[in-house]
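One structure is given here, and the rest of the page talks about it.
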Amino acid sequence: MKVNFELNGRAASWNVEPGTTLLDALRAKGIVSVRNGCDGEGSCGLCAVLLDGKQVNSCQILAVQVEGKKVYTVDFYSKDRKLSGVQQALIDAACVQCGYCTPAVTLALHELLERSPDPSGDEVRDALSGTLCRCTGYEQFFNAARIAAKRLKEPAYAEAAAPEFAPELRHVGKDRGKVDAAALARGERAFVEDKVPSDACHLLILQSPHAHAWVRKVDVSKAEKLPGVVAVVTKDNCPDQVYTTAGQGFPEPSPHDQRMFPRKVRHVGDRVAAVLAESLEEARAALAAIEVEYEVLPPVLSIAEARRPGAPVVHHGKVSYVVGDPPAGSSTEGDGRDDPIVYQFPLHADPHRNLAASVADGIGDVDKGFAEADVVIERTYKGNRVQCTPMEPHVVLAKVEADRLVLHASTQVPWHVRRIVSRVVGLPEHKVRIIKERVGGGFGAKQDIVVEDLAGYLAWKTGRTVFFRYDRAQEFAASRTRHLMEITVKLGAKKDGTLTAILMKLDADTGPYGQHCLTVPMNAISKSLPLLLCDNARFEVKSYYTNLAPAGAYQGYGAPKGSFALQTALAELAAELGMDQLELIEKNRVRSGSRIEILRSLGEGRPGAAVTLGECGLGEMIARGKKAFAWDAPRSAADGDWRIGRGAVIIQQGSGLPGLDAANAELRLLQGGTLLMLSGGADLGTGLDTVTTKAAAEIMGLDMEDVAVVSGDTDTTPFDKGAYASSGTYFSGNAAVKAAEDLKRKCLEAAAVMLGESVSDLVLVHRGVVKGKKGQVTLAELAHQGVQGEGHHELTGFGNFKTEHAAFPYGAHFVEAAVNVRSGEVKLRRYHAYQDCGTPINPALALGQIYGGVMKAVGHSLYEELLFDEKGKPLNLGFLDYKIPSIYEVPEDFHVELVPVADEVGPFGGKSVSEISLNGSAPAIAIAIHDAVGAWCREWPFTPERILRAMGKLS
Amino acid sequence: MVNEYLKPKTLDEALAALAVPGSVALAGGTWLLVGEEHGTKGDLGRAVDIGELVPSDIGRKGTTARVGAGATFQALADSPALPACLRKSALSMANRNTRNRATLGGNLGADKSCASLVPILLALDATLEYAVRGADGKAATKTAPLAAWLERKDGLALTVSFEAPAGLLAASGRASRTACDVATATVGAAYRLEGGAVKDLRIAMGGFGPRARRMPKLEALFEGKALPDKAGIEKLAEPLLDAISDQRGSAAYKKRRGAVILADALAGAEALS
Ligand SMILES: Cc1cc2nc3c(=O)[nH]c(=O)nc-3n(C[C@H](O)[C@H](O)[C@H](O)COP(=O)(O)OP(=O)(O)OC[C@H]3O[C@@H](n4cnc5c(N)ncnc54)[C@H](O)[C@@H]3O)c2cc1C
Ligand code: FES
Ligand code: FES
């Protein structure tokens with residue numbers, strides 16, 4: 001059908017199918033700023049357009065319906081690559097993280113300002129009510145709206161998005177904008193989905209409807225004959241090998257227990273078959289033509305069931321070890337039918353009893369400690385499964401180019417993807433290239449190789465270009481979730497609150513496969529126990545296979561659950577002792593100069609060592625929170641049915657994996673004296689590329705505009721372990737610092753030759769000038785000499801970073817919650833996060849990371865839970881049913897404050913910032929709920945129903 | 001998947017088009033086109049776009065308020081002609097993008113248990129003007145109580161009207177996990193007070209059956225009596241609510257939640273002016 005309308009101020013006349021949505025039509029015509037975050041559910045708002053001036057979702061409008069209407073996308077505001085006032089304000093207020101939602105947010109604010117040039121907070125909330133953002137926590141959107149509104153009247157209006165730090169430095173500690181923000185705000189081609197050629201084939205997978213079943217027969221004969229079908233893969237013709245999808249350093253501490261298509265499906269959503277076809281419709285038709293015969297088995301749907309003697313066995317293949325022996329008494333003989341399991345080294349596992357991994361260790365003597373205690377409490381806490389939900393689902397484009405396999409990926413771990421994909425496809429690594437595109441949110445889910453193995457295999461097998469994107473339901477069912485954990489904490493203390501013993505017993509549910517099965521639960525211990533000083537501490541961690549959705553990495557990597565259990569237990573102990581909870585924390589917390597003995601037993605798979613802490617900012621953070629919350633004054637009075645309570649916790653994280661990981665960067669001096677930063681780091685929207693750019697500009701005496709950055713491309717940039725374990729700024733940032741220092745040294749040496757002066761007499765000053773006692777030379781001149789026949793060689797700096805030093809960021813989170821005693825509902829009246837990220841390299845972006853982290857954790861604490869029926873079928877596979885917070889859920893007084901304590905090894909004193917911010921919400925809210933209504937909620941999310949039950953008001 | 005799209009210019013044409021089997025009326029599309037993006041909703045067949053054909057004006061004459069079926073939720077929320085309880089119901093769809101498209105007619109047509117507008121309109125005893133295809137093939141306009149039309153949903157909804165006389169008190173309420181969630185429970189309530197006693201009480205609730213409907217048993221609890229306090233209302237109402245357990249909560253919790261919003265609505269009902 002013909003549709004005539006106005007698109008971005010110009011007449012458009014398109015031929016469309018009657019069923020084509022406006023979203024699909026726009027994208028097909030190259031308007032890629034409209035994004036698909038929920039597959040037409042209408043719940044994400046990322047496909048928004050202005051239709052006759054009103055913000056609407058283009059996925060729920062047929063293209064033919066816009067006949068005679070005006071359609072505006074963000075491209076209108078980005079004409080000639082300029083930025084509108086709103087786009088600039090969003091950048092200035094640090095609202096562009098992954099940028100996947102930015103075009104939609106831009107449109108919403110434009111529409112708002114058109115209606116209301118001086119909008120109130122409520123109006124901003126209302127305008128953005130239909131737009132989901134998983135990165136920012138929404139808070140800075142209010143600032144952006146205010147800035148944009150003020151600039152309508154006063155174009156030069158400016159306000160600081162964050163305080164400044166490191167006065168001795170030019171760029172570091174100052175807000176200089178995020179290097180990729182403008183392109184993302186303009187909605188330019190940046191993500192994998194924006195780079196799909198029109199002749200790409202579409203890959204779809206057939207997923208298991210059963211939680212546990214043998215795949216007896218897959219009949220693809222009809223599917224293969226259908227038009228447009230290029231290939232069909234099943235268990236019968238896929239590579240016969242097992243691997244782990246965990247993007248971790250090799251050898252991975254995760255069992256290799258996953259076959260591309262398993263002989264036995266282990267969760268609803270497991271892979272049964274894949275179809276590659278020339279069009280989406282043809283792929284759908286072929287998928288529908290595949291006939292599968294299953295032998296359904298009883299599923300394992302809980303940890304209790306997994307460990308029950310005689311329970312169904314999730315993995316019954318032969319178990320082998322590359323290095324080391326199986327644990328005594330464990331079963332290794334396979335049933336002859338199931339896929340094998342290969343451990344790279346022993347993880348104290350016994351898969352045939354559903355135990356994927358385990359570990360136990362500690363210091364001192366806990367029995368003695370409990371015997372010495374005046375008070376002993378023991379409580380069990382449960383954290384349910386939550387989904388990462390990046391707004392851009394898993395997606396990949398795979399193609400063959402010059403006899404090599406090239407993947408455009410949305411990944412946190414390009415090098416791990418290369419290693420795993422080459423192994424699966426059967427290629428040496430030099431034949432595979434991974435190009436990390438902009439990533440529309442990762443949060444841990446994209447630390448796993450969820451789609452790349454299959455797409456890579458089919459591209460190589462067929463020679464065709466393969467586009468593979470999970471839809472939102474697949475993202476929910478078969479991406480990676482935060483492990484469900486049950487943690488029993490036993491605490492012993494003297495009457496004065498001194499802890500005498502801590503015992504943490506943790507059982508985790510890793511789901512059908514063992515990616516991160518040991519390291520995530522271990523992190524729940526290793527990022528919670530070291531906050532407290534106690535001579536007797538022990539932990540026992542067990543990770544079980546079940547037939548529920550796959551677990552994996554998720555921002556915080558287990559720590560949020562460990563923190564929930566230990567910090568809430570500490571508050572319960574305080575209540576038992578009749579002490580103020582902060583007094584008890586004060587009595588037992590780490591502080592400057594503390595010797596942290598427990599780290600001896602928390603070595604991340606290597607022998608650990610006790611650490612003597614340098615300066616620790618916890619005291620200052622607690623003091624600021626106490627003051628802001630008038631902690632020592634009586635708490636706020638009840639407000640009708642609402643009771644008011646407060647809670648506070650201390651939290652910590654790490655900064656990468658000392659001794660295990662490494663990062664590299666290269667910095668090239670280009671003609672004209674500008675720089676090209678080649679960073680291995682994978683920027684997921686966190687601002688890592690801005691960190692490396694700043695490092696280069698700062699050290700080389702240039703401005704950030706003088707530096708271009710290319711990152712996360714396995715061909716053109718050097719190795720980096722990837723973006724996980726809070727390592728971005730610390731590892732990849734430090735590699736950039738070292739590369740810049742190396743280049744600076746080389747420049748000074750070359751200048752010394754040119755000027756005939758000694759290196760020690762030279763300084764590199766701002767705008768790239770090397771000054772000596774007698775003369776000076778610019779970086780541009782040095783660069784020119786580098787390419788002249790008679791000159792020196794091209795000047796390139798190289799930086800490698802690895803360390804044995806552990807840098808802990810700390811934080812204190814304070815919450816004031818109102819709990820409705822009749823409905824059980826919770827409102828967050830105040831949320832303050834005080835955090836130490838060392839020197840904040842990008843202060844406003846650091847704030848944004850924290851706001852975003854906190855809001856994710858608020859979602860987990862109050863609303864989010866992946867639910868299953870009694871057969872293991874997931875029930876809430878979309879944003880309509882699985883509720884991540886919208887702007888309406890943002891706390892009324894949401895405040896983040898940086899309390900920096902510079903780290904001696906970190907780049908310019910920087911540490912990690914984002915992951916730690918997820919560790920505070922659950923315990924702080926649980927404590928505040930108790931303070932309000934006297935009931936302990938020990939299972940997250942704290943739904944109104946669970947709260948009413950905890951209050952004894954619902955049976 | 002929509003495989004044919006028609007945009008009739010008159011009601012006659014629209015009704016004729018809809019009379020063809022496999023045809024469906026399309027208004028804002030926020031319910032009908034869910035999943036259209038990926039064809040997950042199945043075959044919708046022939047979409048007959050009536051969104052701009054049915055009236056969309058909102059007005060009030062004396063004590064009578066009228067709302068066109070084509071009016072969007074946002075238009076309802078913004079209209080000073082409408083009572084606060086109805087505007088609040090429209091705003092309770094806490095998603096401006098959807099409110100800009102979703103229509104009153106679509107809400108009635110979809111008639112979901114969680115429908116935001118249905119309970120309060122039933123409580124206000126609204127009347128519906130609707131068009132059906134007459135024997136001559138032309139559109140014939142009819143009027144029926146909204147409650148009656150919802151049982152058969154014939155033809156096209158055109159205009160909803162209701163009386164907002166002095167002395168009538170009304171309120172609406174909605175409970176959901178997050179602001180933008182599908183409702184766990186909804187309520188609309190209206191009554192007069194005569195000598196301290198509740199008169200002409202109408203209560204409609206969603207979330208306690210396949211559709212949002214009047215709740216005669218609940219009405220009978222309080223009709224002709226002085227309204228108990230909130231705790232008293234909850235205690236009486238909770239046992240009469242019938243709910244199913246699902247991902248939004250157990251039946252027990254939903255009954256509690258329903259009783260709480262009912263008590264809030266009855267206690268918080270305000271004059272319509
Ligand atoms: C993100 C999101 C949030 C939502 N939140 C809510 C909410 O809070 N509350 C709520 O009630 N709903 C909600 N909905 C559902 C939906 O938006 C509403 O039911 C809306 O009123 C449907 O209106 P529409 O104009 O989009 O209808 P359509 O989708 O076009 O049609 C819906 C049905 O009504 C029929 N119909 C349309 N117009 C007429 C007419 N004039 N006469 C007879 N039949 C007609 C159609 O044939 C169809 O069967 C939500 C939907 C989404 C996507
Ligand atoms: S893709 Fe349209 S609302 Fe999500
Ligand atoms: S910045 Fe909003 S989704 Fe990433």
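All values derive from a computational prediction rather than experimental measurement. Chain naming here is simple, since letters A, B, ... match the order of the sequence lines and numbering starts at 1 in each.
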May I ask you to check whether over 12 heavy atoms, not counting those of A/K2, lie within 6.0 Å of atom NZ?
yes
Among B/L26, B/T30, B/V182, which residue forms the greatest number of heavy-atom pairs with chain A at distances under 4.5 Å?
B/T30
Do A/L875 and B/D246 come within less than 4.5 Å of each other through their side chains, counting heavy atoms only?
no
Stepwise, does the side-chain contact (heavy atoms from CB on, under 4.5 Å) test hold for B/R101 with A/L51?
CA-CA 10 Å; B/R101 281 298 282 177; A/L51 182 64; 3.6 Å; yes
Would A/R949 and B/S250 count as having a side-chain donor-acceptor pair, cut-off 3.5 Å?
yes
Give, as side chain, backbone, both or neither, the part of A/D641 having an atom under 4.5 angstrom from any heavy atom of chain B.
side chain
Is the closest side-chain heavy-atom distance between B/N97 and A/V56 below 4.5 Å?
no
Heavy-atom donor-acceptor pair, B/T178 side chain to A/P885 backbone, under 3.5 Å
no
Approximate separation, where rounding is to 0.5 Å, of B/Y5 OH and A/T20 OG1:
13.0 Å
Does this structure show an ion pair linking B/R177 with A/E945, if we count only N-O contacts that are shorter than 4.0 Å?
no
Which bit of A/I61 comes within less than 4.5 Å of chain B, counting heavy atoms only: side chain, backbone, both or neither?
both
Atom NZ of A/K883 and atom CG of B/D181: how far apart are they, to the nearest 0.5 Å?
4.5 Å
Max heavy-atom pairs within cutoff under 4.5 Å with chain B, candidates A/T131, A/V64, A/N876, A/L862, goes to A/V64
Give the intermediate values and the outcome of side-chain contact (heavy atoms from CB on, under 4.5 Å) for residues B/Q247 and A/D869.
CA-CA 9 Å; B/Q247 46 171 302; A/D869 70 8; over 6 Å; no
Distance-only side-chain donor-acceptor flag, B/N100 / A/Q55, under 3.5 Å:
no
Of B/C180, B/A259, B/G249, the largest count of non-hydrogen pairs under 4.5 angstrom with chain A goes to B/C180
Which answer fits A/E17, side chain, backbone, both or neither, if we ask what part of it has an atom under 4.5 Å from a heavy atom of chain B?
neither
Flag the one option from B/G28, B/G29, B/A231 with the top tally of heavy-atom pairs under 4.5 Å to chain A.
B/G29
Does the salt bridge (charged side-chain N to carboxylate O under 4.0 Å, His left out) test come out yes or no for B/E52 and A/K69, once each step is laid out?
CA-CA 12 Å; B/E52 290 165 18; A/K69 298 190 188 305; 2.5 Å; yes
Measure the shortest side-chain to side-chain distance between B/Q74 and A/K54 over non-hydrogen atoms and say whether it is less than 4.5 angstrom.
no
Can you find a heavy atom in the side chain of A/D881 that is under 4.5 Å from one in the side chain of B/R248?
yes
Looking at CZ of B/R96 and CZ of A/R125, how far apart are the two atoms once the value is rounded to the nearest 0.5 Å?
14.0 Å
Validation row: B/L33, A/T21 side chains within 4.5 angstrom (heavy atoms)
no
Supply the atom-to-atom distance B/S176 OG to A/Y863 OH, rounded to the nearest 0.5 angstrom.
10.0 Å
Would you say that A/Q65 contacts B/K7 through its side chain, given a criterion of any heavy-atom pair below 4.5 Å between the two side chains?
no
Hey, are B/R99 and A/D126 close enough for a salt bridge, meaning a charged N less than 4.0 Å from a carboxylate O?
yes
Pick one of side chain, backbone, both or neither for A/S823, based on which atoms fall under 4.5 Å of a heavy atom in chain B.
both
Charged N to carboxylate O under 4.0 angstrom, A/R822 versus B/E234?
yes
Side chain, backbone, both or neither: which part of A/E67 has a heavy atom under 4.5 Å from chain B?
neither
Select one option (side chain, backbone, both, neither) describing which atoms of A/E825 are under 4.5 Å from chain B's heavy atoms.
side chain
Quick one: what part of A/R472 sits under 4.5 Å from any heavy atom of chain B, side chain, backbone, both or neither?
neither
